[in-house]
Each structure stands twice: as structure tokens, then as C-alpha cells.
Amino acid sequence: MELNEMYEGLGISEKVLKFGIEIEESLKERFKAIDENAEFNQMKVLKAMQEARVSDIHFAATTGYGYNDLGRDTLEEVYAKAFHGEDALVRPQLISGTHALHVALSSNLRPGDELLSPVGKPYDTLEEVIGIRESAGSLKEYGVIYRQVDLLEDGTFDYENIRKAINEKTRLITIQRSKGYQTRPTFSVSQIGELIAFCKSVKPDVLCMVDNCYGEFVERIEPTDVGADMIVGSLIKNPGGGLAPIGGYIVGKKSCVEQASYRLSAPGLGKEVGASLGLNQSFYQGLFMSPTTVAGALKGAIFAANVYEKLGFAVVPNSTESRHDIIQAVTLGTPEGMVAFCRGIQAAAPVDSFVSPEPWDMPGYDAPVIMAAGAFVQGSSIELSADGPIKPPYAVYFQGGLTWYHAKLGILMSLQKMVEAGIVTL
Ligand SMILES: *Cc1c(COP(=O)(O)O)cnc(C)c1O
């Protein structure tokens with residue numbers, strides 16, 4: 001049986017497949033560069049695991065207080081080594097990216113301190129953490145003052161106003177690497193390095209934290225390689241490799257990680273407690289898989305950009321731009337387009353492929369939201385998923401794919417549904 005018959009059996013028409021294959025052919029060079037990065041990062045992770053002498057005893061479960069959890073402590077050593085930090089906190093008790101960011105911020109700031117975002121508005125969920133939107137328990141309630149300097153029109157840093165915003169009270173500077181659900185560009189690690197160097201030239205002892213969500217292993221270097229005091233992220237995104245069922249990480253300066261550990265557990269306890277509950281193997285193995293998984297997701301994002309740009313839709317990043325995270329926005333222009341796209345992603349999933357996503361009024365959003373995901377881990381966005389609010393410009397955000405082949409099927413299926421709905425003609 002031929003490969004095209006397999007696609008046909010899954011519901012992909014000959015026309016859609018042919019269109020996709022032509023685009024895939026044109027991407028050979030870019031895919032090669034992605035594979036080379038994955039190879040580099042695989043060596044980085046292997047070296048860290050070997051240096052930390054990872055052994056099968058580290059996969060054993062601990063319960064209760066989790067004193068002397070060798071697996072947990074060694075995993076943190078591996079993260080510190082792989083991301084070139086002095087220390088790390090990598091825990092299932094960090095329940096999400098937002099939680100990890102909250103712990104990193106609230107532990108390293110004190111009443112009266114100022115927090116500065118020199119890259120505009122942070123990710124939605126952080127608005128309540130910081131108190132940009134009124135919220136019980138926010139940093140604002142604890143007397144932390146927030147300042148923000150927006151990016152310039154062209155998406156670059158507004159150095160002049162950043163200089164003015166940094167003062168004797170500025171304690172921590174938060175830099176979000178990925179654009180998240182905004183239209184600004186995602187920053188490269190080297191751009192982040194320039195920003196950090198500038199901030200430290202104005203105030204040498206200011207702490208620079210990078211929200212590293214969706215960025216891990218996309219490049220060969222991480223923000224810790226260019227001066228970040230802390231990087232923070234979620235294990236159900238890139239570094240969990242699709243295997244971690246929960247978790248977050250904070251890697252960086254020993255003093256920063258130590259502060260975070262006192263906030264996560266309790267002053268005096270810090271990193272000494274926190275049972276790993278049998279999750280260690282999935283954390284180790286997920287990190288091990290992550291460079292390859294991220295490569296698959298990146299290929300999917302680039303493939304999607306090229307498919308939809310060729311069909312005349314606006315895509316961010318565009319078909320040829322260099323990539324610094326795994327998110328792809330596609331502006332479909334109509335509610336019907338968004339629904340068809342998401343139904344295709346859903347229909348291609350290994351889990352819940354038989355359900356059909358519908359827009360719904362999700363709490364916290366001002367328009368109905370449509371979401372497609374058929375994931376092994378609930379909410380995992382390193383797995384193939386797409387979502388977006390049903391309002392102009394009618395854009396879907398697409399990300400993930402544990403393997404390139406699955407991401408490819410997802411995009412072909414999205415196109416198939418668009419064709420069937422009469423939105424696109426090939
Ligand atoms: C996903 C994300 C977060 C929040 O992570 P959750 O695990 O969803 O809480 C924060 N910042 C950025 C840039 C993200 O992409």
C-alpha cells in the first residue's frame with residue numbers, strides 16, 4: 001500500500017495532498033536546519049544527563065514530605081546544566097507556567113519594589129498575577145509597583161523610555177520571549193541578550209527574568225546564555241517533551257532559585273521538601289525527547305505558514321521568517337474559516353478525533369472561543385492544538401505536534417475541511 005492511500009484512508013483528498021507535498025518539497029533546506037538544531041540540543045541534554053550521572057534509581061517515587069528525593073534533586077541538576085544556570089527548581093508542585101512565573105516574581109520582589117516590563121503587556125494570565133487587572137492576591141496588593149514600556153511601532157525596544165523607567169526602586173525586569181497571543185514579534189535570544197545588557201548597563205544589580213514559555217530548544221542558546229538571571233517555563237510545553245503530565249521550572253542564579261523555593265514550599269524549607277510522586281521518569285524522558293519534539297512542532301508551524309500564505313491568508317510569522325517560538329498565527333478572516341480549520345486539527349488527533357469543536361463563551365474572554373485539541377495531557381500545548389477568539393481579524397493560533405507527521409496531517413486536514421466548506425479552492 002502506498003503512502004497516499006494512507007492519507008486517503010484518513011480523509012485527505014488527492015488535491016490537498018498534492019498541494020501539501022509541493023510545499024513540503026520547497027521546505028527541505030529549512031527542515032534540515034531545524035534538524036541540525038535539534039541534534040545540537042539533543043547533545044546538550046545528553047551531556048547534562050551524563051554529567052549528572054542520571055541512573056534508574058532516580059526514577060523511584062517518593063511520597064509525603066519528600067526528604068532526600070534523589071531523583072528530584074538530580075533532575076534539578078540536569079536542568080541547571082542543560083540551561084546553563086547555577087541552580088534549578090523543577091517541580092510537579094509548580095502546576096503551570098503561570099504558577100511558576102508567579103512564584104519567581106513574588107519570591108524575588110518585596111513591598112515597595114518596582115517590576116518593569118520593557119516589552120509591553122505580558123501574557124494574559126500574568127495581568128492578574130501582577131495586578132494590571134484588579135485581582136485578589138496580586139503583587140499589587142503586596143505593594144509591588146508595576147511599570148511597562150511598550151515596544152516601538154516597528155516592534156523594537158524603546159531604549160530611551162526603558163532607561164527613564166529604570167530607577168532606584170526597580171528590582172526586577174520581566175521579559176517575555178514569545179509573543180503569546182499578541183501580534184508583536186517573538187524575540188530571538190540574541191535580541192533578549194541585548195535588552196538585558198542595556199538594562200544592566202543602566203542598573204547593574206537589577207534582576208532580569210525571562211518568561212521562556214514556548215521558546216525552549218527552538219534555538220541553540222537560551223536566555224540564561226545571554227545574561228538572564230532566571231528563565232521560567234511550563235513542563236506541559238516544550239521542555240516536558242509531551243511526556244511530563246504537569247510541572248514548571250525556574251532556572252538561573254542560585255540566589256533567585258533559592259528565593260523561589262522558599263516561596264513554593266516555606267521559608268526555611270525551600271528545596272529540601274516536595275515529593276516527586278513517581279513523576280520523575282516522565283520529566284527526565286520528556287526533557288530527553290524535547291529537542292526532537294520541538295523540531296517537529298517547528299516544522300509544523302513553518303508548513304502551516306507556507307500552506308496558508310500561499311492560499312492568500314495573512315500568517316505571523318510569515319512563510320520565510322526565522323523562528324523563535326513554536327506558535328503560528330493564521331488569519332482566516334471569517335468565523336467559518338476558523339471553525340473549519342479547528343475541525344481539521346481535531347479530526348487529525350490521536351485522542352478525541354471523533355468530536356467536533358464548537359465556539360463557546362469561555363470565562364475571561366469577551367468573545368466566543370474555539371479550541372481544537374486531542375491531547376494525551378489535558379491542556380498540553382506542545383501537543384497539536386489550535387484556538388482563537390471568534391472576533392476580527394478571525395485568527396487561529398496553532399502550535400505543537402509531538403511528531404512532524406502528526407502536525408503535517410493536522411494541517412492537511414485543516415485544509416481539507418476548508419476545501420469541503422467551500423472556503424478555499426485548490
Ligand atoms: C503559556 C504561557 C504562559 C502561561 O503558562 P500556563 O501553563 O498556560 O499557565 C505564560 N507566558 C507565555 C508566554 C505563555 O506562552
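As the structure lists them, so they are numbered: ligands from 1, and atoms in each ligand from 1.
Taking the charged nitrogens against the carboxylate oxygens, R343 and E358 do have a contact shorter than 4.0 Å, which makes a salt bridge.
Taking a 4.0 Å cut-off on heavy atoms, I236 fails to register as neighbouring ligand 1. Ligand 1 has no atom lying under 4.0 Å from any heavy atom of H99.
In this structure, the protein non-hydrogen atom closest to atom 9 (O) of ligand 1 is T98 OG1, 2.5 Å. Residue, atom and distance of the protein heavy atom nearest to atom 1 (C) of ligand 1 are K237 NZ, 1.3 Å. At the top of the distance list for atom 11 (N) of ligand 1, counting protein heavy atoms only, stands D211 OD2, 2.6 Å. Here the heavy atom of the protein found nearest to atom 7 (O) of ligand 1 is G97 N, 2.8 Å.
By the 6.0 Å and 45° rule, K237 stacks over the aromatic ring of Y123.
With a 4.0 Å heavy-atom cut-off, ligand 1 is reached by the side chain of Q176 but not by its N, CA, C or O. If you look at L101 next to ligand 1, the close heavy atoms, those under 4.0 Å, all belong to the side chain.
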Tabulate below the donor-acceptor pairs under 3.5 Å that side-chain atoms of residues 213-220 make, not counting sequence neighbours, or state none.
residue : atom : partner : partner atom : Å
Y214    : OH   : S381    : OG           : 2.8
E216    : OE2  : Y249    : OH           : 2.6
E219    : OE2  : V189    : N            : 3.1
E219    : OE2  : H324    : ND1          : 2.9
R220    : NE   : N37     : OD1          : 2.7

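Taking the six-membered ring where the residue is Trp, the centroids of F303 and F31 are separated by 6.0 Å or more. Taking the six-membered ring wherever Trp is involved, the centroid distance between the rings of F157 and F198 does not fall below 6.0 Å.
Each of the following atoms of ligand 1 lies closer than 4.0 Å to a heavy atom of Y214: 15 (O). Within the listing of ligand 1, atoms 7 (O), 9 (O) sit less than 4.0 angstrom from a heavy atom of S96.
R72 places a side-chain N or O within 3.5 Å of a backbone atom of G274 that can act as its donor or acceptor partner.
At a cut-off of 3.5 Å, with distance as the only test, no side-chain donor of S290 or N238 sits close to an acceptor on the other residue.
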